[in-house]
Structure formats: C-alpha cells, structure tokens
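Have a look at the structure below before the remarks.
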Amino acid sequence: MCGIVGYIGFRNASDFLLDGLHRLEYRGYDSAGIAVFHKGEVAVRKRAGRVCELDRLIETDGVEGTVGIGHTRWATHGETTDVNSHPHVGGNGEVVLVHNGVVENHNSLRTQLQTLGYVFRTTTDTEVIAHLIAHHLEKRIETDGEICTHEACVEVVETAMRKIEGTYGVAVLFRDCPDLIVAARAGSPLVVGIGRGEYFVASDAGPLVGYTEEVVYLADHEIVALTSESIDLLHRDAGKKSPSIQVLDQVAGDTSLGDFEHYMLKEIYEQPQSIENAMRGRFDESEATAMFGGLNLDPQQLRRVDRVVLTACGTSWHAGLVGEYLLEEFARLPTEVEYASELRYRNPPLTDNTMVFAITQSGETADTLAAMRECKRKGHPTLAICNVVGSSIAREADGGIYLHAGPEIGVASTKAFTSQVTVLTLLALYLGRMRHLSYPAGRRMIDQLREMPDKLRKALTCHDAVREVAAKYHGFNNFLYLGRLYNFPVALEGALKMKEISYIHAEGYPAAEMKHGPIALVEEKTPSIFVIPRGGIYPKVMSNLEEVRARCGPVIAIACEGDDTVADLADDVIFVPDVEEYLQPLVTSIPLQLLAYHVALLRDCNVDRPRNLAKSVTVE
Ligand code: F6R
C-alpha cells in the first residue's frame with residue numbers, strides 16, 4: 001500500500017506533494033512525510049497520523065524548494081511512529097527516499113549493512129533500501145574517484161534494487177545531485193507526469209489530474225531519471241528505452257463531501273446514480289441483450305468460452321459470488337470465484353476456453369493483479385471489471401468493463417459493490433443471449449434492470465428504520481448474517497461491512513449451513529440478521545429463522561415491503577422493495593451498509609478511515 005509522489009520543476013514542490021498525498025491518502029493514512037531540497041540541503045518533514053497532521057507541521061515549519069518527494073504510509077514493517085514515517089535517509093544523508101512495497105529480505109540485508117557500519121534509525125524495511133543505495137554510491141565514488149553524477153545515481157539505484165526481494169515503487173533524492181529524482185518500480189505502480197519544464201511522479205494518476213495530461217506508466221524493473229528538463233528511462237535488463245507517452249484520460253471526479261457527514265454515507269446515497277451509470281449505453285434493445293465496448297473479443301471467441309473464473313478480493317470477491325450465480329443461471333456457464341490471493345499461487349486446471357475476469361474497484365490490488373498476470377501467462381483471455389480508469393489492472397487486462405461509479409473514497413466499499421453486481425448482471429445477459437437465453441427473457445431482464453435505480457432510491461428510505469435498529473443493537477459484540485442463494489453473498493458482505501468499520505465480530509453464512517456449527521453461537525446476546533426477501537427459497541429461510549428464534553437469538557430481518565409474516569416473527573424488521581430474486585442483492589445490501597455505518601458512528605469509530613485498513617491493498 002502507501003502512496004508516493006515526487007516533483008521536479010519550477011513550482012513550490014511542497015504544494016504539489018501535499019495535494020498529491022491528500023489524493024493518495026486512500027492508500028494508507030498511518031503517517032505522512034515529504035523531503036524537499038531547501039537552502040542547499042534535503043529537508044525532511046514527517047509525522048505519524050493523517051496527511052492533515054503533516055499540513056499542520058508544514059504550516060509552522062515549511063520547506064521551500066522546487067524538487068521533492070512525499071509519502072503517505074500504510075505500515076507493514078515497524079510501528080506507526082514519527083521516526084518510522086517516510087522519507088527515510090540512507091548513509092549520512094546522501095540518499096533520501098520514499099517507498100511503496102515490501103522488502104522481503106530486509107532482515108539479511110539489514111545484518112549485512114550493519115556489519116558494514118550502517119546505523120539503522122528505524123524499524124522499517126525501507127531503511128534497508130536507503131542504506132543500500134548509499135552504500136553502492138559510496139563504493140562507486142571510492143572506486144572511480146568520481147563525484148556524484150546523474151549516471152552514477154541511476155546506476156547505484158539499479159544495482160541496489162537488484163538485491164531487493166519483494167516489491168517496490170521508490171522515488172529517490174541524492175543530496176549531491178539537487179536537480180534529480182530517480183524513481184524505480186517492481187510490483188508497485190508508478191506513473192510519471194510530463195509537464196513543460198517540470199515532471200511529476202505518483203503511485204497512480206490521481207495526483208497528476210489538473211497538472212498534466214501526458215503520462216508514462218512505468219513497467220516493472222524500469223528506472224527513470226528526471227530533471228526539470230529531461231526524462232531518461234531504462235529497463236534493468238533491456239537498457240535505455242524511449243518512454244511511451246500516453247494521454248491521461250482520467251478526469252477529476254467529484255471528491256467533495258457535499259451535504260454528507262462522511263464519504264461512506266455519500267457513496268451509499270450515490271448508488272441509484274452509480275448503477276445507472278454502470279448501465280448507461282449498454283443495452284441493445286433490438287437484440288434484447290447488453291453491449292460492451294471494451295471486451296476486445298469477437299463473438300466467435302466469446303461463444304467458445306466454456307468456463308468463467310472470477311477473481312477478486314474482499315467486497316469485490318463478494319460481488320464475484322453474485323456473478324457466479326448470475327452467469328450460471330442466465331448464461332449456463334460453469335463459473336468459479338477465486339480469492340486472488342489463493343489463485344496467484346494455485347495451479348487449477350483451466351480449459352483453453354476459460355475466460356478470466358479480475359473484479360476490482362481500485363484496479364491496484366496486488367493479489368488481484370498477480371492472479372490476473374498468472375492467468376494471462378497461461379494464455380487465457382483476462383479481462384477486468386474495474387472502476388479506476390488507467391489503473392494497473394485496467395491497463396494490463398486484455399479488455400474489460402468499467403464501472404463508471406466515480407471516485408469511491410470511503411475505505412468501506414459500497415457503491416463499487418452494487419456497480420460490480422450490475423455489470424455482472426449485464427454480462428450474464430450478454431453471454432446468456434449468445435447461448436440459451438431467449439429474446440423475451442432478455443427483454444424482461446432489460447426492463448427489470450431499468451427499474452433498479454428507482455428501486456434503490458426506494459430502498460434508501462429504510463434509513464430511519466436502520467437508525468433505530470442500530471441504536472438498539474450497537475452495544476452487542478457478535479452478529480450473525482444469514483442469507484441463501486443470491487442473498488448469501490449479501491450476508492457475507494453485510495458482515496464484512498460491520499467488521500471493518502465498527503470492529504464488531506460478525507460472521508456471514510448461508511442460512512442453512514448455520515445448523516452445522518455456527519448455531520452454537522446463537523444466544524440472547526448474538527443477534528442474527530436474516531436477509532429474507534420473498535422468493536423461491538423463502539419458506540426454507542423462514543425455517544432457519546425459526547431455528548434461531550427457538551434458541552432465543554434476537555432476529556433482525558431484511559424483508560420485502562408488506563411482509564407481515566416476517567415482521568411478526570422477527571424482533572426487528574427493515575423493509576426493502578420487492579424485486580426479482582436475481583436483482584435482490586442490489587436492494588438488500590443497502591440496509592446492511594447503512595446498519596454498519598450507524599453502528600460504527602454510535603461506537604465512535606472513524607467510518608471513512610477504519611483502523612488498520614487502506615482503500616487500496618497494494619501489498620501481498
Ligand atoms: C471492503 C473493501 C475491501 C476491497 C478489497 C478489494 O469494504 O473495500 O475488501 O473490496 O480490498 O479491493 P479492490 O476492489 O480495489 O480490488
């Protein structure tokens with residue numbers, strides 16, 4: 001995780017660096033820091049806490065200069081203290097750097113460097129890189145009797161990075177070369193922005209929006225040397241390359257809070273609009289199907305697909321589970337949903353005609369990227385369902401479908417989930433119409449999908465009822481979330497939302513599985529949240545609900561409007577609009593998002609920035 005930025009040019013560097021760090025804060029918010037060439041030396045300012053803490057520090061102890069680097073941290077090695085914050089200093093201050101990634105062999109390198117006399121000031125893995133670069137610089141100057149030149153700086157970064165096992169995106173300043181930034185990447189994304197008389201570096205394109213429209217995405221093992229007037233790119237093995245300049249097609253999305261108190265609440269309320277955006281322009285009325293611009297596969301290839309693998313992490317994995325049910329029901333395609341963190345190291349037999357979809361909001365999740373690369377390596381068409389335009393996964397996939405949900409800033413994913421489910425429904429319709437799904441069935445799905453933004457608006461009117469339920473139950477420490485078929489993934493997702501923002505232990509289960517173990521947890525202090533809208537399996541879920549009641553477990557039901565039977569049985573009920581079963585996740589997930597939100601508020605938790613988490617998980 002972590003976000004890094006760099007600037008070299010004519011502006012006050014700290015203005016860009018701080019602005020960029022705010023935009024990258026979704027990647028981590030344990031600490032933040034910058035280093036700027038200031039009055040002939042590299043001045044470092046860093047502090048544990050959010051970027052706004054760093055803003056305050058800079059207000060009182062500013063640094064002026066036109067070259068600098070910055071970092072916002074999600075701690076992997078070493079506590080979240082001022083001293084462990086980046087930038088880190090190597091040697092006697094010859095090298096200052098920021099790093100996103102993990103140095104897996106940091107222990108052995110640390111021992112070697114300590115033997116050579118290097119003194120470690122922090123408990124981070126990153127300091128190893130700083131000393132290693134300083135060491136190679138010192139050696140080179142000693143051997144060649146050379147002063148610190150640009151070429152020497154690039155070379156020593158290259159030599160040092162060859163010794164690193166793990167992942168990195170780094171930006172490095174050299175005390176004796178004040179007009180240079182060297183940046184390098186392996187596994188952690190880096191993008192260079194090209195201006196007139198200035199260059200920018202960032203972990204993703206977000207910080208560059210509004211500063212430049214020309215970018216170079218670095219590939220693994222590329223190193224770039226930037227001065228205010230030049231960019232030199234080389235690949236560790238292939239040598240010098242000319243940079244491939246692309247146009248940044250990212251526009252600054254709406255990142256304001258508007259009238260909302262938190263991003264999470266704003267994003268929950270954006271869902272009628274965001275699912276509409278996911279559908280816009282994607283219906284082919286005359287063929288009663290969906291259409292996508294970017295799959296990059298012709299109908300023949302798509303017809304030959306005989307199996308689908310959906311791979312993702314967290315909430316996106318839950319959306320994938322809904323996708324599995326949809327693709328199997330409507331397209332009759334055998335579908336598997338794989339945790340990306342498992343798939344990347346497993347070797348499941350995949351047929352030649354298996355199509356792989358990586359599902360990701362950020363497009364930067366390290367495990368999802370690695371799983372996608374592994375499938376690509378084996379020759380499968382690998383596509384992405386992604387929100388962030390220009391992200392690593394969006395760029396590396398063979399094709400894909402954007403969510404168009406707009407920026408999701410709250411760490412707990414909400415609107416991305418419903419947009420992913422919407423896109424997967426369109427995909428099931430599209431692949432279904434190429435196979436067994438009839439024209440009238442396709443028309444019906446289109447009509448039903450078109451109604452969903454209004455259904456979501458209606459679902460949001462449960463807000464007051466949810467607030468009351470939250471007030472009643474926020475003191476409980478264990479929750480069960482139970483649902484079946486399309487609502488099983490919703491139960492998992494509801495439990496995840498509760499865990500991650502209110503720190504309450506919550507388990508999601510298929511309602512009928514409960515009697516194979518988890519029912520032992522049921523007692524007066526363990527509420528069960530039943531996702532029980534009407535549908536084919538309703539009487540079965542009702543029996544499961546009775547089983548919990550018989551053991552004195554409090555029951556909160558998410559049910560269809562007007563369902564008096566459930567209302568009579570449950571201790572509390574929250575109503576959602578009645579929709580077709582395959583569309584239920586879009587409405588039933590809303591009260592669960594709101595419930596997690598209100599419980600977290602009542603427990604005084606930081607809703608948008610929950611502890612230990614980051615919006616984009618760019619480490620393994
Ligand atoms: C939970 C949440 C995470 C993400 C997961 C994957 O609310 O946000 O579980 O869903 O880290 O992230 P993306 O979708 O960006 O790959």
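Numbers here are sequence positions counted from 1. Note that ligands are numbered from 1 as they come in the structure, with each ligand's atoms numbered from 1 the same way.
- Nearest to atom 7 (O) of ligand 1 among the protein's heavy atoms is E500 OE2, 2.5 Å.
- The shortest N/O to N/O separation between Q420 and ligand 1 does not fall below 3.5 Å.
- Near S316, meaning under 4.0 Å from any of its heavy atoms, are these atoms of ligand 1: 10 (O), 13 (P), 14 (O).
- Ligand 1 places these atoms under 4.0 Å from at least one heavy atom of A412: 7 (O).
- Separation of the F488 and Y509 ring centroids does not fall under the 6.0 Å cut-off.
- Taking the six-membered ring for Trp, W317 and Y339 have ring centres closer than 6.0 Å.
- Heavy atoms from other residues, nucleotides or ligands lying under 6.0 Å from NZ of K458 number 12 at most.
- Taking a cut-off of under 4.0 Å to the non-hydrogen atoms of K497, the atoms of ligand 1 that pass are 1 (C), 7 (O).
- Side-chain atoms of H71 come within 3.5 Å of backbone atoms of H99 as a donor-acceptor pair (strictly under, hydrogens ignored).
- Scanning the protein heavy atoms around atom 11 (O) of ligand 1, the nearest turns out to be V617 CG2, 3.9 Å.
- Considering backbone and side-chain atoms together, T368 places no N or O closer than 3.5 Å to any N or O of ligand 1.
- Ranking the protein heavy atoms by distance from atom 15 (O) of ligand 1 puts S362 OG, 2.6 Å first.
- Listed by number with element, the atoms of ligand 1 under 4.0 angstrom from any heavy atom of V411 are 7 (O), 8 (O).
- Protein heavy atom nearest atom 5 (C) of ligand 1, with residue, atom name and distance: C313 O, 3.6 Å.
- A cation-pi contact links R395 to Y217, judged by a cut-off of 6.0 Å to the six-membered ring centre and 45° from its axis.
- Put simply, no part of H318 is less than 4.0 Å from ligand 1, judged by heavy atoms.
- Ranking the protein heavy atoms by distance from atom 3 (C) of ligand 1 puts T315 N, 4.0 Å first.
- Summary of contacts: the protein heavy atom closest to atom 12 (O) of ligand 1 is T365 OG1, 3.4 Å.
- Checked by atom type and distance alone, the side chain of D572 never pairs as donor or acceptor with a backbone atom of V469 at under 3.5 Å.
- Both tests do not hold together for R282 against F292: distance to the six-membered ring centre under 6.0 Å, angle to the ring axis within 45°.
- Aromatic ring centroids of H380 and F357 lie 6.0 Å or more apart.
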